[in-house]
Amino acid sequence: MKPFSLARPRDFAGAGKLAKDRRFRLPVIKAGGMDVVDHLKEGLIEPDLLIDVLRIDDQPEIREADGAFHIHANATLANIAASRSIARRAPVVAQCCASAATPQVRNVATAAGNLLQRPRCWYYRNSQFDCLKKGGHRCFAFDGENAYHAIFGDGPCHIVHPSNLAIGLSVCNASVRLTGSDRDAVSLADLFHMPDRGLLSEHNLKTGEVVTEIHFEPRSTSAFYAIKHKQSFDWPLVAAAAALELDGDRIESATVTAGAVAPVPWALPHVGEALVGVSLDDDTALRRACATSTRDARPMSDNEYKVRLLPVAIRRAILKAAGREVMS
Ligand SMILES: Cc1cc2nc3c(=O)[nH]c(=O)nc-3n(C[C@H](O)[C@H](O)[C@H](O)COP(=O)(O)OP(=O)(O)OC[C@H]3O[C@@H](n4cnc5c(N)ncnc54)[C@H](O)[C@@H]3O)c2cc1C
Ligand code: SF4
């Protein structure tokens with residue numbers, strides 16, 4: 001590992017200034033460091049400046065104001081999952097945090113770091129594969145081992161978006177507050193981009209922009225459901241977030257997003273439309289609406305199983321949101 005300087009700015013504005021300081025070739029922001037330190041150890045990045053923002057605690061970790069939740073960029077996944085208020089008023093957000101990683105990771109991992117962690121593609125994570133995402137000329141997953149890759153999107157990179165928190169927030173009209181540029185905020189929907197809009201990064205932050213807070217609206221009838229190899233610590237094979245408006249047992253409106261199936265949180269507005277008017281007691285209609293989730297799927301050689309899992313995860317997220325039994 002090459003030597004680098006370490007800076008501990010007092011606030012996020014200071015971090016933003018350092019991130020665009022031209023004296024440095026590659027300044028990198030570190031929060032909990034779970035992903036950044038992995039990158040350093042694997043030789044995937046060689047910063048000359050590490051900007052440690054973890055000690056910045058200029059706001060409470062979690063607050064409610066103007067009918068919305070405001071989470072500090074450095075709030076840990078553990079504390080978001082443990083917030084009674086979030087669990088009651090936006091259960092999908094508490095659940096997606098509780099479902100991520102292990103207790104040890106959740107105690108350290110921050111909200112902003114979770115949103116902005118890099119993809120898990122094993123070719124990307126291995127310094128010996130110079131793939132498209134690292135400036136190379138080919139995607140090794142496309143005709144290689146792609147069991148954990150995308151079933152949606154046209155490439156040319158086939159990663160799946162890695163953040164549980166982004167999937168949960170995506171059904172809560174979330175936005176991210178910023179410092180370091182001429183804009184104050186960006187909606188969660190505009191935070192990430194597909195690979196055809198840029199391969200070297202997954203988000204739309206400009207150089208020097210730093211996340212200070214995340215805002216989202218309550219969704220009291222909502223849930224997150226992940227299907228994993230090992231429930232204890234794996235990233236999801238497939239995940240779903242659902243937020244419902246119910247009239248008795250009937251769905252009046254539904255917002256559904258799929259996770260671990262596309263390079264960005266994969267919004268499924270047509271599934272929401274198909275769910276309108278469906279009674280939760282009519283399981284045939286519920287399954288039919290959830291099955292529409294895969295109509296545009298284009299699996300690769302090893303991940304056709306995700307096409308079968310996705311409607312299951314969505315149905316279970318819907319039933320969980322409504323407080324129903326899910327394991328059938
Ligand atoms: C065994 C294991 C299992 C895991 N399972 C899951 C899982 O199931 N679901 C899941 O979502 N995650 C999972 N993770 C990933 C883990 O949750 C993330 O690595 C972690 O959330 C990253 O947060 P951090 O604070 O450590 O970020 P860091 O590693 O410090 O930073 C990550 C990225 O965010 C950027 N960044 C951080 N803060 C800011 C800011 N304020 N403004 C701008 N940029 C910023 C950094 O520059 C970096 O690019 C798992 C990790 C492990 C080790
Ligand atoms: S999926 Fe993306 S990150 Fe993985 S090998 Fe292909 S180009 Fe690289």
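When a ligand or atom number is given, it counts from 1 through the structure's own listing order.
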R63 atom CZ: more than 12 heavy-atom contacts under 6.0 Å: yes
Atom 52 (C) of ligand 1: the protein heavy-atom neighbour that sits closest, reported with distance to 0.1 Å: W235 CH2, 3.6 Å
Within-4.5 Å side-chain heavy-atom neighbours: F224 and I167: yes
Ligand 1 atoms in contact with G32 (distance to a heavy atom under 4.0 Å): 24 (P), 25 (O), 26 (O), 30 (O)
Part of A31 within contact of ligand 1 (heavy atoms, under 4.0 Å): both
Sole residue of I80, T76, N164 in side chain to side chain contact (heavy atoms under 4.5 Å, CB included) with C97: I80
Part of D234 within contact of ligand 1 (heavy atoms, under 4.0 Å): backbone
Close-contact set for ligand 1 against N114 heavy atoms, below 4.0 Å: 10 (C), 11 (O), 12 (N), 17 (O), 21 (O), 22 (C), 23 (O)
Subset of ligand 1 atoms that lie under 4.0 Å from at least one heavy atom of K30: 30 (O)
Element-labelled atoms of ligand 2 that are located less than 4.0 Å from some non-hydrogen atom of C131: 3 (S), 5 (S), 7 (S), 8 (Fe)
Nitrogen or oxygen atoms of V211 and ligand 1 under 3.5 Å apart: yes
Interfacing atoms of ligand 2 (cut-off 4.0 Å, heavy-atom, Y124): 3 (S)
Ligand 1 to T110 polar contact by distance, N or O atoms, under 3.5 Å: yes
Within-4.5 Å side-chain heavy-atom neighbours: K134 and L199: no
Shortest heavy-atom approach to atom 7 (C) of ligand 1 - which of A101, A73, G16: A101
pair R89-F69: side-chain heavy atoms closer than 4.5 Å: yes
Which segment of K134 sits under 4.0 Å of ligand 2 when only heavy atoms are counted: neither
Candidate with minimal heavy-atom separation from atom 7 (S) of ligand 2, of L132, L199, D130: L132
Side chain, backbone, both or neither: P162 near ligand 1, heavy atoms under 4.0 Å: backbone
F140 ring center within less than 6.0 Å of W122 ring center: no
Atom 4 (Fe) of ligand 2 contact by C139, N, O or S atom under 2.8 Å: no
Distance flag, aromatic centroids of H158 and Y148, threshold under 6.0 Å: no
Numbered atoms of ligand 2 (with element) below 4.0 Å of H158, judged on heavy atoms: 1 (S), 2 (Fe)
